[in-house]
Amino acid sequence: VTHPYRLLAPGPVPMPPEVLAVMGTPIWHHRTPAFEKVLGDCYAGLKEVFQTTQPVLVLTSTGSGAMEAAITNTLSPGDSVFCVVGGKFGERWADMCKRYDVSTHIFEVEWGKAIDLSAYEAALKQAGPVKAVLSQVCETSTATLFPVSKMAAIAKKLYPETLFMADAITAIGVTELAMDKDNIDIVVAGSQKAFMIPTGLSFIAMSNAAWKAQKESKIKKYYFDLALEKKALETKQTYFSSSVQMIRALAAALPRMTGNNQAQLLNRTARLMKATHAGAKQIGLKIYSESPSPSVTAILLDSSVNSEKVRDELETQFNVTIMGGQDRLKGKILRIGHLGYIKNDDLLFLLEKMSVVLNKHGAKISEQQIAAALKACEAELGTDVK
Ligand SMILES: Cc1ncc(COP(=O)(O)O)c(C=O)c1O
């Protein structure tokens with residue numbers, strides 16, 4: 001039997017039909033009124049998604065480009081920052097800071113553990129006034145959600161001038177994150193996540209304080225000079241050539257993330273997470289993270305099973321892609337994404353086939369357990385996505 005391809009990774013993610021349709025149309029030139037209109041619509045929609053009155057810049061890069069732009073635009077060599085590191089992406093941001101000769105205090109969070117806010121506050125006090133605090137909202141490598149609004153409030157209480165930078169790459173659009181209300185100075189995002197379009201665009205928004213820091217920053221920049229991008233945005237342009245098809249795809253996808261659909265997307269993503277947890281529980285699987293994210297679930301397998309093999313077999317035998325673990329979690333966990341155009345049937349199919357594959361690796365999941373898992377999963381899922 002050939003099964004249809006199913007993608008349940010924490011990015012890239014499956015795309016809705018209207019995005020697929022736009023991607024296959026003839027390309028336009030970017031300096032045209034028609035494209036400027038599309039870009040203007042995207043700028044308006046992105047502000048809604050970020051919940052900010054600030055401009056949200058569209059960069060042609062993956063999410064890491066926006067992470068780097070956040071550093072190079074607001075910091076200077078010799079500045080001190082405080083980096084929350086609870087997985088691979090926290091490590092990445094800290095490494096970037098070091099590369100730019102920024103003095104980096106690391107606040108290590110045990111992988112998969114929730115953040116202890118009093119320990120965080122104590123460590124921040126000990127670090128002394130820092131130019132910025134950097135954290136993921138969801139640390140995708142461990143599928144862990146960090147309470148960034150509380151973390152930002154603590155940082156501002158201690159050091160009112162500190163910039164709080166949030167990597168919201170797997171959180172924006174599917175968590176409560178609201179840039180202005182939560183007092184977050186820099187939010188970065190990536191297209192291949194909740195935006196449901198391919199990899200290749202990143203987004204960044206900055207507060208007034210961050211824009212002030214942008215003027216003072218002494219790190220050299222060229223492609224990611226955000227002042228130039230902001231100026232271009234005012235005339236509904238991007239500074240360099242626009243990634244036209246991606247931006248048109250973004251315009252097609254944004255209605256799913258804005259207006260009444262904003263709350264619906266949050267709800268749908270939470271349902272996919274709860275359904276995954278409920279199903280996993282019935283087949284005896286353990287959720288890895290102490291503070292699970294709605295965007296991705298990590299399942300910790302029995303130490304006798306190599307999760308890479310399970311992942312590979314799901315792909316080769318059943319045409320479904322999920323992710324394994326990275327670094328010290330390689331072979332230990334499976335990560336199931338809840339972002340993008342995921343149908344109820346995709347998740348039910350995955351749960352069933354995961355049980356089949358796990359049984360081949362020595363698990364003893366009974367037919368009754370599988371049926372109960374599917375039932376529990378279905379009960380949480382509710383109405384399918386349109
Ligand atoms: C939390 C987080 N930060 C950063 C990145 C890096 O993004 P990109 O691969 O688009 O550069 C990812 C990618 O999965 C992520 O999940």
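Order of listing sets the numbers, starting from 1, for every ligand and every atom in it. Sequential numbering from 1 along the given sequence is applied to the chain's residues.
By the salt bridge (charged side-chain N to carboxylate O under 4.0 Å, His left out) test, K212 is found to be paired with E216, residues two or more places apart in sequence or in another chain being considered. Taking the side chain to side chain contact (heavy atoms under 4.5 Å, CB included) definition, one finds that N183 meets it with K156, sequence neighbours left out. Here F240 pairs with Y223 under the ring pair (Phe, Tyr, Trp, His ring centres under 6.0 Å) rule; sequence neighbours left out.
Protein residues having a heavy atom under 4.0 Å from any atom of ligand 1 are T62, G63, S64, M67, F89, R92, C138, T140, D167, I169, T170, Q192, K193, listed by chain and number.
Annotation: side chain of F195 is in contact with side chain of M257 (closest heavy-atom distance under 4.5 Å).
Side-chain contact annotation: S217 with K221, donor-acceptor N/O pair under 3.5 Å present. Judged purely by distance below 3.5 Å, without hydrogens or angles, the side chains of H30 and E36 never pair a donor atom with an acceptor atom.
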